[in-house]
Amino acid sequence: MTTQRSSPSFAPPMSSEQRKAFPFSEFEPKWQDVWEAKKAFRTPNPGDADFDASKPKYFVLDMFPYPSGAGLHVGHPEGYTATDIIGRFKKMSGFNVLHPMGWDAFGLPAEQYAIKTGQHPRATTEKNIEGFRGQLKRLGFAYDWDREVNTTDPGYFKWTQWIFLKLYNSYVNEEGKARPITELEGKGLSREEIDSRRLAFVSSAPVNWCQELGTVLANEEVVDGKSEVGGFPVERRPMRQWMLRITSFAQRLIDELDGLDWPESIKLLQRNWIGRSEGAHVMFQIVGHESDVTVFTTRPDTLFGATYMVFAPEHALVDQITTPEHAAAVEAYRKVVGSKSDLERTELAKEKSGVFTGAFAINPVNGEQIPIWIADYVLMGYGTGAIMAVPGHDARDFEFSQKFELPVKQVVQPPEGKEWQGFTDNGTAINSGFLDGLTTPEAKAKIAAWLEEKGLGKGTTNFKLRDWLFSRQRYWGEPFPIVWEDGNHRSIPESELPLLPPTLEDFRPTGTPEPPLSKATDWVRYSDTAKRELNTMPQWAGSCWYYLRYCDAQNSERFVSEEAEKYWMGGGKPGGVDLYVGGTEHAVLHLLYARFWHKVLFDLGYVSTPEPFQRLVNQGLIMGEDGQKMSKSRGNVVNPDDVVKEYGADSLRLYEMFMGPLEQVKPWSMKGVEGVYRFLARVWRLVMEVSEEGVWSPSPALQDVPANKQVTKALHETIKKCGEDIEKLSFNTAISQMMICTKTFTAEEVMPVSAIVTFLKVLSPFAPHIADDLNAHIATQFPALAVEGLLSDATWPKYDPAALIEDEVEIVFQVNGKLRDKTRVPLQATKEEIEKIALASARVQEFMEGKTPKKIIVVPGKLVNIVV
RNA sequence: GCCGCUGUGGUGAAAUGGUAAACACAGCAGACUUAAAAUCUGCUGGGAGGUAACUCCCUUGCCGGUUCGAGUCCGGCCAGCGGCACCA
């Protein structure tokens, strides 16, 4: 804020209200109260008395926030304002608009905040939600607060647990569709066989354990070997954990991205994360052993070039095949690898390491005996945990072969002029027997057929995606609706939902893999013989389906009524939500998990579309004024509350939309806020004037007269451009058009009331408080011309194309593509007439230098280009 | 290393293949004011020539191509940002 300069004593000290260019701090809270009291943005559901079935639906969704103790930051209102403008615009354009808000309140951040402040997470969560709700209301967002959801509310997580039971009680059939597990029962399958096919299953594979957080984490939550939350080290440990079988949906999660209006970059991120690769399984005999080993390769065409094999150190066969003289070295190597954390393992990845097992395998294609090594560059979790090494045509194998002096063989001829060693692209097969002379794709097909015929392998597809580790050793999450008895798990009846967590005084992590719920001994005991599952669900569980709950947030009988789901999520597109706006940080987390759950619910017949979100837009990060990421330690954090206090909610909303394209990363500028604030003040003064005493009243310039030509034209251009720009989410250019329009209005001595009211309708989605307030002031003088009631209930104005047309247009004359002259011609001028005028121009003739034109291009209404 | 996105004034940016820099910020000058703040008006990419009005040349990261015409389309390179990263 501008500092108070030393002013001479006779100037009366200005109150902060008088210093403001318009009294936003009076009218903004006033209108927020009016909207709330009137439930101005309540959206009726099908079946409600005031529901209008003739209107189309529009479901516009924000990524709901974690109510952290820090409150909103300026990044939140960016996406929220964008959806608010769209929602208000669609409502004015005759849609039934669903625009809700809620709280993603379970999970690590909420629990850590509670531990830090020494309070119960329930209490801190409620307080934080209170704070967030208040902040959002002060920004004037048009939410239907009757649909507010809170993932930690038992009425909500009852259904999160219910969906978990659907996952637990389903499997994926031969067609890749989720089906009830009851279909498998009665087929004579054992309990173990059935359990091994559930979509929610228990696994003892190595998982990501984070000691500092006292919990395991999903692969998606581990970044560079550290926890995404807090950045603590993560190690691999075998633990018994709940997993969700997302891998069964890998192909569909790739394929069904195609029909979605998502940024290509996000689709790509998901495709890469799922990581499909096509190749083949090849079986190798081990010399002197019964057992054989299968490898996965994307280059079966290079089989003749396989000169050794490598197993992951953890591979189950290693113990069997290692010869006595190599046992000590192998054991020592495995120990070293096992003690390394993921972080160390990747840090040390530069240098290849490994040891020879003493065993040999037989290359099925030429009978050669090739040595079997173990090395940590082969991962147990991908493919089969064993590879055939083709050092001639794979960078990693080549590096390994150089370090351990293993033979390198050429089997692919690269195109002219390229070195064959380390050549990994497509070429022609050589030194490869029956493959010689074939291109790489041909050779791949032929060897795959050959392997299949001999029973030695076949074409296969592999995915990088792993199953989703779904349990956490934390207190603040949904308890699993599962009990254990005699070493077996089973679901509790749906009638026992919601399963509430126990009330615990001490809910901190135990520091061991033993979950904190183990401390609640009474709660743990389900019956004399059965105990409850002690793990809780991860943060993502609640956010996997919250958009569905919004459709019918109060329903206590069902997670969402069929009718509400069909109406809001239906519409003939693959995805149900019409527009979803949020940050890019959830590209492979929430956005992948939610798609997975949605597909399961779709297969089971609970939802109408295969995809949840039709159109996705990522808002760009807002940086500090210094161009750096906002952070407390840099001291460049902007608090939205301060901006609202100083310039008002409308200014904050407008500035965040005016900064630049929504999807772009852009730096904050307080000066920029002042710019839009000045614009709003100019709009205010179009309607209002201030007395000597500082009292505002409607300006006498306001008159019930028809708008002249300039005003009409400016107004209709603004209606047109703003409408089009809102659809495109180009809010910055819409606002600049309103600024231009305001400038035209300001130049007029008399302000036609009808024009200003129409302008306020266009402004209202962007700056709803000032628009409603000015409309109300106009209504005191011109009740017949102002909008009755709220602008959000008004109809978006239609522009008149006739008002946009000018009598004359400016035509540019170019000679050889260079601008030489311009003139105004009547709109109706024909091509021939325009050409004639151009050729007659003295400037044009000067630059033609008397030459005859080779070609003349005439673009009516635009330009003439004369080529000489 | 691989994949993707982005490069336009002092700054945020705008531009259906058709006048590059709209709108805004900052800056400068002026009006109002005893003065300041606020407000209003004008100027503001670079270079050259002219007392001047004005005129010419150059300019969208770099190089090339397509086109009557390229910030925009195509190819190559460079830089910044983001993602993945021993995935066989």
Side-chain angles (χ1 to χ4, degrees), chain A residues 2-8 11 14 18-21 223-224 263-269 271-273 275-277 279 295-299 302 310 345-346 348-350 352 375-379 381-390 394-397 399-400 424 462-466 584-585 587-588 621 627 655 658-661 663-676 678-679 681-682 685 730 732-740 743 746 810-822 843 853-859 861-868:
Chain A
T2 47
T3 47
Q4 289 241 324
R5 308 269 155 84
S6 53
S7 51
M14 277 190 165
Q18 284 168 317
R19 219 171 48 231
K20 281 168 184 157
V223 180
D224 294 332
E264 271 314 308
S265 58
I266 296 289
K267 289 190 183 181
L268 212 72
L269 240 41
R271 287 197 191 99
N272 289 344
W273 185 263
R276 179 193 155 96
S277 60
V295 302
F296 174 73
T297 175
T298 56
R299 291 298 298 272
T302 62
V310 187
R345 206 158 148 171
T346 40
L348 300 169
K350 310 271 181 292
K352 289 276 180 291
D376 66 357
Y377 83 90
V378 174
L379 309 171
Y382 184 76
T384 63
I387 63 155
M388 63 179 215
V390 184
D394 181 277
R396 297 148 304 188
D397 296 346
E399 198 189 319
F400 193 81
T424 56
N462 239 314
F463 296 93
K464 282 193 224 173
L465 185 69
R466 312 292 159 83
T584 188
E585 67 274 15
V588 293
L621 213 59
Y655 171 64
F658 187 59
M659 290 174 88
E663 298 182 71
Q664 198 163 299
V665 178
K666 42 210 177 281
W668 185 267
S669 157
M670 257 335 164
K671 288 285 184 191
V673 182
E674 280 180 38
V676 295
R678 279 200 280 266
F679 160 67
R682 276 195 291 272
R685 291 195 306 266
S730 298
N732 54 334
T733 49
I735 294 165
S736 82
Q737 178 60 39
M738 288 190 280
M739 288 171 168
I740 293 168
K743 220 163 223 180
T746 309
E810 190 177 64
I811 299 282
V812 169
F813 300 152
Q814 297 179 333
V815 179
N816 289 335
K818 284 204 162 138
L819 172 70
R820 294 305 178 188
D821 201 3
K822 48 190 164 186
R843 301 243 330 127
K854 277 190 215 147
K855 198 169 179 182
I856 301 177
I857 290 108
V858 182
V859 184
K862 286 273 185 203
L863 57 73
V864 179
N865 189 12
I866 299 160
V867 186
V868 296

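Here is the naming used below: chain letters follow the sequence lines, and residue numbers restart at 1 for every chain. Please read all numbers here as calculations on a predicted model, not as lab measurements.
Not one side-chain nitrogen or oxygen of A:N272 sits closer than 4.0 Å to the OP1 or OP2 atom of B:G4. For A:Q664 and B:A13, the shortest distance from a side-chain N or O to OP1 or OP2 is below 4.0 Å. Contact annotation: A:Y377 side-chain N/O to B:A88 OP1/OP2 distance is not under 4.0 Å. When the side-chain nitrogen and oxygen atoms of A:R843 are compared with OP1 and OP2 of B:C56, one or more of them lie within a distance under 4.0 Å. Distances shown here put every side-chain N or O of A:R682 at or beyond 4.0 Å from the OP1 or OP2 atom of B:U39. Note on A:K855: a side-chain N or O is less than 4.0 Å away from OP1 or OP2 of B:C68. Taking only side-chain nitrogens and oxygens, A:K671 never comes nearer than 4.0 Å to OP1 or OP2 of B:G10. Contact annotation: A:S277 side-chain N/O to B:A88 OP1/OP2 distance is under 4.0 Å. Between B:C84 and A:R271, no contact under 4.0 Å exists linking OP1 or OP2 to a side-chain N or O. Side-chain nitrogen and oxygen atoms of A:K666 include none within less than 4.0 Å of the OP1 or OP2 phosphate oxygen of B:A24. OP1 or OP2 of B:C57 sits under 4.0 Å from a side-chain N or O of A:R820.
Judged by Watson-Crick or G-U wobble contacts below 3.5 Å, the nucleotide B:G1 has B:C84 as its partner. Applying the Watson-Crick and G-U wobble criteria (two distances, each under 3.5 Å), B:A53 pairs with nothing in any strand. Look at B:U41: its Watson-Crick or wobble partner, with both distances under 3.5 angstrom, is B:A29. Shown here, B:U34 forms no base pair; nothing in the strands shown gives a Watson-Crick or G-U wobble contact with both key distances under 3.5 Å. Nucleotide B:U66 forms a pair with no other nucleotide shown, judged by Watson-Crick or G-U wobble geometry with both contacts under 3.5 Å. Under the Watson-Crick and G-U wobble criteria, each requiring two contacts below 3.5 Å, nucleotide B:A20 is left unpaired. Pairing partner, B:G7: B:C78, with both Watson-Crick or wobble hydrogen-bond distances short of 3.5 Å.
Aromatic ring pairs are classed by plane angle as parallel below 30°, tilted from 30° to 60° and perpendicular above 60°; the pair A:W668 and A:Y655 is perpendicular.
With C1' as the reference atom, B:C57 and B:G61 are 22 Å apart, rounded to whole Å. Annotation: B:A70 and B:A31 have their P atoms spaced 46 Å apart (nearest Å). B:G45 and B:A20: their C1' atoms are spaced 10 Å apart (whole Å). B:C58 sits 24 Å from B:A52 when the C1' atoms are compared, rounded to a whole Å. For the P atoms, the distance linking B:U6 with B:U72 amounts to 13 Å, nearest Å. For the P atoms, the distance from B:G76 to B:C81 is 23 Å, rounded to whole Å. Atom name C1', nucleotides B:G71 and B:A13: the rounded distance is 14 Å, in whole Å. When the C1' atom is compared between B:C25 and B:C84, the two are found 38 Å apart, to the nearest whole Å.
Within 4.0 Å (heavy atoms only), A:N816 reaches no atom of the nucleic acid at all. Residue contacts for A:R276: at a heavy-atom cut-off of 4.0 Å it reaches no nucleic acid atom on any strand shown. Within 4.0 Å of A:P263, counting heavy atoms only, lies no atom of the nucleic acid at all. Among the protein residues, A:F463 comes within range of no part of the nucleic acid, since none of its heavy atoms lies under 4.0 Å from any strand. Among the heavy atoms of the strands, none lies under 4.0 Å from A:G275. Backbone-only engagement by A:L268 is indicated by non-hydrogen atom pairs under 4.0 Å involving sugar-phosphate atoms exclusively. Nucleic acid contact class of A:S669 (heavy atoms, under 4.0 Å, all strands): none. Looking at heavy-atom distances under 4.0 Å, A:K743 makes contact with sugar-phosphate atoms alone, never a base. Within the 4.0 angstrom heavy-atom criterion, base atoms lie near A:V812. Among the protein residues, A:K818 comes within range of the sugar-phosphate backbone only, with heavy atoms under 4.0 Å from sugar or phosphate atoms but none that close to a base.
Shown here for A:A395 and A:T424, the closest heavy-atom pair between the two residues is N-CG2, 4.2 Å. Residues A:I866 and A:P853 share a closest heavy-atom pair of CG2-CB, 3.7 Å. Residue A:P263 comes nearest to A:E663 through the heavy atom pair CG-OE1, 4.4 Å, listed as atom of the first residue, atom of the second, then distance.
Nearest nucleotide to the A:Q814 side chain, out of B:U19, B:C40, B:A88: B:U19. Set against B:A22, B:A88, B:C40, the side chain of A:R685 has B:C40 as its closest nucleotide. Residue A:F296 has its side chain nearest to B:A88 when only B:A22, B:G12, B:A88 are considered. Checked against B:A15, B:C23, B:A88, the side chain of A:I740 finds its nearest nucleotide in B:C23. Closest to the A:L863 side chain, of the nucleotides B:G18, B:A88, B:A15, is B:G18. Between B:A88, B:A13, B:G18, one nucleotide has an atom nearer to the side chain of A:P661 than all others, and that is B:A13. When the nucleotides B:A88, B:C23, B:U39 are ranked by their closest atom to the side chain of A:R678, B:U39 comes out on top.
Counting heavy atoms from C-beta outward, A:D394 and A:F400 have side chains that stay 4.5 Å or more apart. With a 4.5 Å cut-off on side-chain heavy atoms, A:V390 and A:T297 do not count as touching. Two residues are said to be in side-chain contact when any heavy atoms from C-beta on lie closer than 4.5 Å; A:F296 and A:T298 meet this criterion.
Rounded to an integer number of Å, the gap from OH of A:Y655 to P of B:C23 is 19 Å. Going from atom CD of A:E663 over to atom C1' of B:C81 covers 16 Å, rounded to whole Å. We find that CG of A:L269 is positioned 12 Å from P of B:G4, with the value rounded to whole Å. The CZ-P distance, from A:F679 to B:G12, rounds to 23 Å in whole Å.
Between the side chain of A:K352 and the base of B:C86 there is at least one donor-acceptor pair of N/O atoms closer than 3.5 Å.
Syn is the classification of B:G9, since its glycosidic angle stays within 90° of 0.
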